[in-house]
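Read through the structure below, which is laid out as structure tokens, and then see the notes.
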Amino acid sequence: MKVLFVAGDPKPERWTVPIKELLPEAEVYVWDANGPAVDADYAIVWQPPAELFERETRLKAVFNLGAGIDGLLAVPNLPPHLPMVRLEDAGMSVQMAEYMLHQLVEASRGMETYREQQRENIWKIHRPIKRSEWPVGIMGLGHIGKRVARTLADLDYRVNGWARSDHTLDRVTTYAGANRLTDFLGSTRVLVNTLPLTEETRDILNRQLFSQLMPGAVVINVGRGEHLVEDDLLEAIDSGQVARASLDVFRQEPLPADHPFWQRPEITITPHISARTLRDATLEQITRKIRAHYNGQPITGIVDTGRGY
Ligand code: NAP
């Protein structure tokens, strides 16, 4: 079995050494832009060049080093029937749940106010929150959205979830499909986006959507930058419809130094760190699936390229 590692890491041995340990039956290669074909069976990739698929014509499957597959599907001339496999959780969902909880509590418990008071040596107690005033709506109920929903429901927040298909989740009110989006938004104050980027979800966080949220809304985007219409968010903040936003992903990354988001106190910016790829968990999952696929066993996480996730 031949496995080709294709991700622009300047230290590829950080990946290839553990791959060899986890998959001793494999010959492991690192992509060389000028090298010959190695006739790989499997490629482990992050944003691979189009040349990969022209040169390596014997691939049996491609394993993406992330949950979001939009970067891979954007590569031109992808072989139509080649299975693309995305990461499933691999330690990311718990990080996302933690990130959401932090952003939610910042808003619901008014933590900024206490930081301001501390700067002025002020001891002042504000009224306790009513959880009923902070209903959370999670867009996407996949590996990440479900874990976030469970975590916030455990803390007795009211949680709504929206996905393409029906889901039943304990203590979560679920909505399915585009025609239930309005109902979902109308009962949501804290909007959490964990959707994949597809043709259906691009630009979904827009003016019309913000206007349907409960007033004083909070928007937390950890999906992709292309989900958000940036000017519409600024407008919604200016009008007061959106009180604050926490953004982890951006149309252009790194976020340019002169981007207006940096100057807005209502916006919390993090540099795409809400859920990091954890090398050990990632490679354990991918090598386990490679071995299973090679042995003709079924594997999960194969992307439906038609629907885009
Ligand atoms: P997943 O398991 O594939 O779940 C995707 C969810 O989105 C599913 O519940 C799906 O509905 C729903 N969905 C897709 N298209 C929809 C549509 N048009 N309308 C309504 N719901 C729709 O994906 P995941 O592992 O949770 O990851 C989600 C995304 O998070 C990734 O694609 C990536 O973009 C992002 N992410 C970001 C970071 C970061 O660091 N910021 C890290 C990891 C992942 P069904 O359940 O009905 O299929």
Side-chain angles (χ1 to χ4, degrees), residues 46-47 63-74 84-100 102-103 137-151 159-169 172-185 188 191-206 209 219-228 245-255 268-279 281-282 285-286 289 299-309:
W46 183 246
Q47 299 179 339
F63 289 82
N64 193 48
L65 284 168
I69 202 94
D70 44 294
L72 179 54
L73 295 183
M84 310 278 167
V85 188
R86 38 70 53 95
L87 273 190
E88 296 180 288
D89 192 343
M92 285 186 287
S93 301
V94 67
Q95 297 177 66
M96 281 296 192
E98 189 177 60
Y99 181 93
M100 288 329 163
H102 178 93
Q103 302 304 333
I138 298 163
M139 303 176 85
L141 292 172
H143 292 85
I144 290 171
K146 272 195 183 120
R147 177 72 189 244
V148 173
R150 214 170 57 223
T151 301
V159 180
N160 304 306
W162 180 71
R164 251 165 54 124
S165 56
D166 287 322
H167 289 263
T168 305
L169 289 172
V172 178
T173 308
T174 54
Y175 301 80
N179 59 1
R180 298 299 316 281
L181 181 58
T182 295
D183 295 337
F184 162 80
L185 295 171
T188 291
L191 185 72
V192 170
N193 176 36
T194 75
L195 289 169
L197 181 66
T198 68
E199 282 320 304
E200 282 180 21
T201 65
R202 186 179 298 276
D203 295 332
I204 193 166
L205 302 177
N206 59 33
L209 176 140
V219 173
I220 305 174
N221 186 24
V222 297
R224 285 287 182 263
E226 292 87 344
H227 284 132
L228 174 67
S246 298
L247 307 177
D248 184 54
V249 287
F250 301 89
R251 285 185 179 255
Q252 192 182 340
E253 294 180 6
L255 187 65
T268 298
I269 292 169
T270 50
H272 205 139
I273 50 79
S274 53
R276 307 293 309 278
T277 297
L278 304 178
R279 198 178 305 123
T282 297
Q285 181 177 117
I286 289 178
K289 287 185 183 181
I299 58 170
T300 58
I302 296 179
V303 170
D304 178 338
T305 48
R307 65 178 192 179
Y309 69 97

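Note that ligands are numbered from 1 as they come in the structure, with each ligand's atoms numbered from 1 the same way.
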Q. In ligand 1, which numbered atoms sit nearer than 4.0 Å to a non-hydrogen atom of Ser274?
A. 39 (C), 40 (O), 41 (N)
Q) For Val222 and ligand 1, does the shortest N/O to N/O distance drop below 3.5 Å? A) yes
Q) ligand 1 and Thr198, any nitrogen or oxygen pair closer than 3.5 angstrom? A) no
Q.
Taking 4.0 angstrom as the limit and counting only heavy atoms of Met92, give me the atoms of ligand 1 inside it, by number and element.
A. 43 (C)
Q: Could you find the nearest protein heavy atom to atom 38 (C) of ligand 1 and give me its residue, atom name and distance?
A: Met96 CE, 3.2 Å
**Q.** Pair Phe250-Ile269, side chain to side chain contact (heavy atoms under 4.5 Å, CB included): steps then yes or no
**A.** CA-CA 10 Å; Phe250 301 89; Ile269 292 169; 3.7 Å; yes
Q) side chain to side chain contact (heavy atoms under 4.5 Å, CB included) between Leu185 and Trp162: does it pass, once the steps are laid out? A) CA-CA 9 Å; Leu185 295 171; Trp162 180 71; over 6 Å; no
**Q.** Those residues that, when tested against Tyr99, pass ring pair (Phe, Tyr, Trp, His ring centres under 6.0 Å) (two or more places apart)
**A.** none
(Q) Which option wins on minimum heavy-atom distance to atom 34 (O) of ligand 1: His272, Arg180, Arg224, Glu226? (A) Arg224
Q. Of the listed options (Arg164, His227, Arg147), which comes nearest to atom 16 (C) of ligand 1 when hydrogens are ignored and any heavy atom counts?
A. Arg164
**Q.** Non-hydrogen atoms of Leu141 and His167 that approach each other most closely
**A.** O-CE1, 3.6 Å
Q: Take every heavy atom of Glu88, measure it against each atom of ligand 1, and state whether any distance is under 4.0 Å.
A: no
(Q) To check your reading of the model: name the closest protein heavy atom to atom 18 (N) of ligand 1, its residue, and the distance in Å. (A) Glu200 OE1, 2.9 Å
Q: For side chain to side chain contact (heavy atoms under 4.5 Å, CB included), just list the numbers for Gln285 and Glu88, CA-CA rounded to whole Å, side-chain angles, deciding distance to a tenth of an Å, and then say yes or no.
A: CA-CA 8 Å; Gln285 181 177 117; Glu88 296 180 288; 3.9 Å; yes
Q. Is the closest side-chain heavy-atom distance between Ile138 and Met100 below 4.5 Å?
A. no
Q | Element-labelled atoms of ligand 1 that are located less than 4.0 Å from some non-hydrogen atom of Asp248 | A | 39 (C), 40 (O), 41 (N)
Q: Check step by step if side chain to side chain contact (heavy atoms under 4.5 Å, CB included) holds for Gln103 and Thr268.
A: CA-CA 9 Å; Gln103 302 304 333; Thr268 298; 4.0 Å; yes
Q: Check each atom of ligand 1 against the heavy atoms of Val249 and keep those under 4.0 Å away; list them by number with element.
A: 41 (N)
Q. So is there a nitrogen or oxygen of Leu141 less than 3.5 Å from a nitrogen or oxygen in ligand 1?
A. yes
Q) At what distance is the nearest protein heavy atom to atom 23 (O) of ligand 1, and which residue and atom is it? A) Arg86 NH2, 3.6 Å
Q: Verify the neighbour count for atom CD of Glu226: are there more than 12 heavy atoms of other residues, nucleotides or ligands below 6.0 Å?
A: yes
Q) Quick one: are Met139 and Leu209 in side-chain contact, heavy atoms under 4.5 Å? A) yes
**Q.** Identity and distance of the protein heavy atom lying nearest atom 19 (N) of ligand 1
**A.** Trp162 CH2, 3.3 Å
Q | For atom 48 (O) of ligand 1, the protein heavy atom that lies nearest, with its residue and separation | A | Tyr309 OH, 2.6 Å
(Q) Checking a contact table here: which protein heavy atom is nearest atom 22 (C) of ligand 1, and how many Å away? (A) Leu195 CD2, 3.4 Å
Q: Could you tell me whether Gly142 and ligand 1 have an N or O pair separated by under 3.5 Å?
A: yes
Q.
Using a 3.5 Å distance criterion without hydrogens, assess whether the side chain of Asn64 forms a donor-acceptor pair with backbone atoms of Gly68.
A. yes
Q. Do other residues, nucleotides or ligands put more than 12 heavy atoms under 6.0 Å from Arg276 CZ?
A. no
Q. Ala67 heavy atoms, cut-off 4.0 Å: which ligand 1 atoms fall inside?
A. 25 (O), 44 (C)
(Q) Counting non-hydrogen protein atoms only, what is the nearest one to atom 28 (C) of ligand 1? Give residue, atom name and distance. (A) Thr194 O, 3.1 Å
**Q.** Ile144 N/O under 3.5 Å from ligand 1 N/O
**A.** yes
Q | Nitrogen or oxygen of Thr201 less than 3.5 angstrom from that of ligand 1 | A | no
Q. If only atom types and distance count, is the side chain of Asn206 paired as donor or acceptor with the main-chain N or O of Asp203 below 3.5 Å?
A. yes
**Q.** Taking atom 5 (C) of ligand 1 as the reference point, the nearest protein heavy atom with its distance
**A.** Pro196 CD, 3.7 Å
Q.
Show me which atoms of ligand 1 lie under 4.0 Å from any heavy atom of Ser165.
A. 45 (P), 46 (O), 47 (O)
Q: Examine distances only and state if a side-chain atom of Gln95 and a backbone atom of Gly91 form a donor-acceptor pair shorter than 3.5 Å.
A: yes
